[in-house]
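Notes for the one structure printed next.
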Amino acid sequence: MPFHKELLEKRENLIKSGINPYPYSFEQSCPIKKIRAEEAGFLDKQVSIPGRIVAQRIQGKASFVDIEDFDDHIQVYFKKDHVGEAGWNIVMQLDLGDIIGVRGKVFRTRTNELTISAEEIQILAKTTVQVPISKKTEDKVFYQLADPEIKYRERYIHWITEPQARQKLVTRARIISETRKFMESNGFLEVTTPTLEMIYGGAEATPFETNVKALSNQKVFLRISPELSLKRFIVGGFPKVFTICQNFRNEGIDRSHNPEFTMMEWYEAYTDYEFQMKRFEELVFTVSVNTTGSGKITYQGREIDLTPPWRRLTMVDAIKEFNGIEVESMPEEEIKDFARKREIDIQEPFNLGLAIDEIFKATCEDKLIQPTFIMDHPMETSPLTKAKRGKPGFIERFEPFIVGMEMGNAYSELTDPVEQHERLCRQRQAGQSQKGESGHPVNPMDMDFVKAIGCGMPPTGGVGLGIDRLVMLLTDSHSIREIIAFPLMKPKQ
RNA sequence: GGGCCGCUAGCUCAGUAGGUAGAGCAACGCCCUUUUAAGGCGUGGGUCGAAGGUUCGAAUCCUUCGCGGCUCACCA
């Protein structure tokens with residue numbers, strides 16, 4: 001039982017004295033913030049305000065209680081003469097964390113504190129769990145919740161005790177809202193794609209599995225990416241579509257990875273990846289301006305300038321810039337030697353494309369602080385992308401990096417159905433011998449997807465944007481757990 | 001899996017020349033009708049994460065285990 005004995009007794013006492021500590025509604029005048037903002041209009045006027053008790057100062061037959069609502073707080077003054085015997089009995093039963101409603105006039109005390117002089121008090125929710133409410137003044141914190149486990153596992157306590165912790169989730173909501181507005185104002189249609197799929201694809205990741213009872217326990221997977229669904233929209237005649245959805249990947253958990261995470265993907269017919277780089281930087285810049293007020297932000301002490309245009313750098317050039325080597329023209333043995341010295345794992349049998357990708361990840365990613373589009377990856381890294389014009393062995397793909405984090409992934413989408421089929425086959429063959437690019441079992445062949453492309457898919461630029469990473473960036477959050485309301489945690493015990 | 005840190009009252013934490021546990025807040029009682037970390041006096045409350053060991057004696061030293069956090073590795 002999570003309940004606190006003494007608080008339970010107080011609840012009982014209230015019920016015994018004929019008070020329902022969990023009533024049905026409360027008519028409120030306005031948010032507290034409005035009283036503070038329009039004080040002159042409220043002074044000496046009756047208001048009716050609900051809030052959670054965050055501080056209590058009892059003084060004989062008077063009592064001062066601070067109550068808090070979503071984004072402000074205000075002092076309430078209880079005087080026995082004003083609230084009467086019955087009201088006073090309730091005031092004496094109050095605890096930190098209780099939610100109450102008060103009716104009374106707005107005034108300023110001798111010490112000039114904006115206050116509601118209560119004439120009526122109503123309990124709206126009696127706490128039965130003791131919540132660790134922070135003690136602090138304007139400039140000093142006397143104590144506050146420090147246990148990071150409680151912060152993430154019992155998020156409601158985190159939010160109750162640290163109102164500023166709510167702010168990141170508010171910003172998250174606004175980022176998603178602004179993102180949606182940007183897409184819609186550019187003529188995109190928001191669509192919904194299935195979470196449960198018989199065949200997963202569109203990314204390289206281990207999926208979560210479950211089964212469907214109604215279909216003889218047919219095995220199904222939780223989507224790892226909405227890509228293949230969205231391309232079917234394009235084939236079907238929707239030229240500009242996007243979706244914001246949860247993806248599920250049964251892999252590592254760390255400060256930038258949660259097993260379920262939010263992605264936006266969009267597909268735009270008749271465009272290529274060059275066009276989408278512009279769209280991407282414009283989107284991120286606009287969202288930043290509309291949520292933080294600026295296109296220049298600070299992340300973990302570093303100034304980041306999101307103003308377009310961002311730097312464009314091919315993967316091979318990035319390796320050259322940070323390592324001084326021309327990896328394309330190096331003999332196999334030299335590349336292996338280079339990798340060995342830096343403890344970079346190169347798979348056997350040797351494959352130049354995969355080696356380039358590994359070397360890039362190990363030596364360049366964390367150095368890409370200012371917004372940079374890394375482009376033109378080796379062909380082996382994705383079977384869904386068109387070949388790079390004029391550069392055999394490479395593809396038209398880009399990944400935007402900011403503060404060393406990969407923020408998204410985009411292609412000039414492969415639209416030749418025969419080549420698409422061959423590329424998927426080749427990937428599966430490679431998968432049978434070496435378990436794919438990164439040790440994962442290779443995705444199953446989606447023949448229906450190949451058929452869809454065969455029905456005629458216009459040239460298309462497709463982009464994925466990691467919403468959680470973007471929120472981390474714009475809220476200056478070190479861990480993805482800070483900006484996911486309920487991150488997956490190991491079970492207690 | 002490696003490294004580091006933590007686990008003591010309801011909450012936040014003190015507590016090593018090893019001597020059977022403390023503070024603040026919360027709770028309970030009394031005083032106090034404009035306080036703001038309100039104040040004053042008093043009371044109750046802990047098998048010190050678990051199990052072994054060393055010792056006359058362990059929250060404290062040793063061993064093992066459990067739980068958690070951070071971090072590195074792995075993994076998109």
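Naming: A, B, ... by sequence-line order, numbering from 1 per chain. Being a predicted model, the structure only gives us computed values, none of them experimental.
A:D98 has no carboxylate O lying under 4.0 Å from a charged side-chain N of A:R52, or vice versa, which leaves the two without a salt bridge. Using a 4.0 Å cut-off between charged nitrogen and carboxylate oxygen, A:K386 and A:E413 do not count as a salt-bridge pair. Salt bridge present: A:R279 and A:E268 bring a charged side-chain N and a carboxylate O closer than 4.0 Å. Of the charged side-chain nitrogens involved, at least one lies within less than 4.0 Å of a carboxylate oxygen, so that A:R312 and A:E281 count as a salt-bridged pair.
The side chain of A:R57 places an N or O atom within less than 4.0 Å of a non-bridging phosphate oxygen (OP1 or OP2) of B:A38. Remark: A:K61 is not in phosphate contact with B:C31, judged by side-chain N or O atoms under 4.0 Å from OP1 or OP2. Contact between the side-chain N/O atoms of A:R110 and the OP1/OP2 oxygens of B:U35 is found at a separation under 4.0 Å. The side chain of A:R108 places no N or O atom within less than 4.0 Å of a non-bridging phosphate oxygen (OP1 or OP2) of B:U36. Phosphate proximity of B:U71 to A:H478: present, with a side-chain N or O under 4.0 Å from OP1 or OP2.
Under the Watson-Crick or G-U wobble criterion, with both distances below 3.5 Å, B:G6 is paired with B:C67. B:U34 makes up no base pair with any nucleotide shown, lacking Watson-Crick or G-U wobble contacts both under 3.5 Å. Nucleotide B:C28 forms a pair with B:G42, judged by Watson-Crick or G-U wobble geometry with both contacts under 3.5 Å. Pairing for B:U55 is absent, with no Watson-Crick or G-U wobble pair whose two atom distances lie under 3.5 Å. Remark: B:G22 base-pairs with B:C13; criterion is Watson-Crick or G-U wobble with both hydrogen-bond distances under 3.5 Å.
Remark: A:R342 qualifies as a cation-pi partner of A:F338 under the 6.0 Å distance and 45° angle criteria applied to the six-membered ring.
With the nearest nucleotide of RNA chain B identified for both A:D95 and A:I58, A:D95 has the one nearer the 5' end. Comparing A:K80 and A:D66 by the nucleotide of RNA chain B whose heavy atom lies nearest to each, the residue mapping closer to the 5' end is A:K80.
Taking atom C1' on both B:G22 and B:U60, the two are 15 Å apart, rounded to the nearest angstrom. The separation of B:G24 from B:A38, taken at their P atoms, amounts to 15 Å, rounded to a whole angstrom. Of the P atoms belonging to B:A14 and B:C56, the separation is 32 Å, rounded to the nearest Å. Only the C1' atoms considered, B:G19 is 15 Å distant from B:C61, to the nearest whole Å. Between the P atoms of B:U55 and B:C5, the separation comes to 28 Å (whole Å). Across B:G15 and B:C32, the matching P atoms stand 40 Å from one another, rounded to whole Å. Taking atom C1' on both nucleotides, B:G53 is separated from B:A58 by 11 Å, rounded to a whole Å. B:C7 and B:A51 have their C1' atoms separated by 16 Å, with the value rounded to a whole Å.
One can place CZ of A:F64 at 12 Å from P of B:U33, the figure rounded to the nearest angstrom. Going from atom NE2 of A:H82 over to atom P of B:U34 covers 11 Å, rounded to whole Å. Atoms CE (A:M92) and P (B:C30) sit 11 Å apart, rounded to a whole Å. For the pair A:Q56 CD and B:A26 P, the interatomic distance rounds to 8 Å; values are reported in whole Å. Taking atom CZ on A:F78 and atom P on B:A38, their separation rounds to 16 Å, with Å as the unit. Note: CG (A:D98) to C1' (B:A26) measures 13 Å, nearest angstrom. What separates CD of A:E9 from P of B:G44 is a distance of 18 Å, to the nearest Å. We find that CD of A:Q75 is positioned 11 Å from C1' of B:A38, with the value rounded to whole Å.
You won't find any donor-acceptor pair under 3.5 Å spanning the side chain of A:E113 and the base of B:U35, going by distance alone. The base of B:U33 does not come close enough to the side chain of A:Q59 for any donor and acceptor atom to sit less than 3.5 Å apart. Side-chain atoms of A:T109 come within donor-acceptor range of the base of B:U35, with a qualifying N/O pair under 3.5 Å.
Between B:U33, B:C75, B:A26, one nucleotide has an atom nearer to the side chain of A:L96 than all others, and that is B:A26. Listed nucleotides B:U35, B:U33, B:C70 differ in distance to A:T111; the shortest reach to its side chain belongs to B:U35. When the nucleotides B:C28, B:C70, B:U33 are ranked by their closest atom to the side chain of A:R481, B:C70 comes out on top.
Contacts of A:T171 classified as side-chain contact (heavy atoms from CB on, under 4.5 Å), with partners at least two apart in sequence or in another chain: A:Q167, A:I175, A:T475.
The six-membered or imidazole ring of A:Y267 lies away from that of A:Y411, with a centre-to-centre distance of 6.0 Å or more.
Across all strands, A:F261 comes closer than 4.0 Å to no nucleic acid atom at all (heavy-atom distances).
Contact record, A:W88 with A:V83: N-CG2, 3.7 Å, taken as the closest heavy-atom pair.
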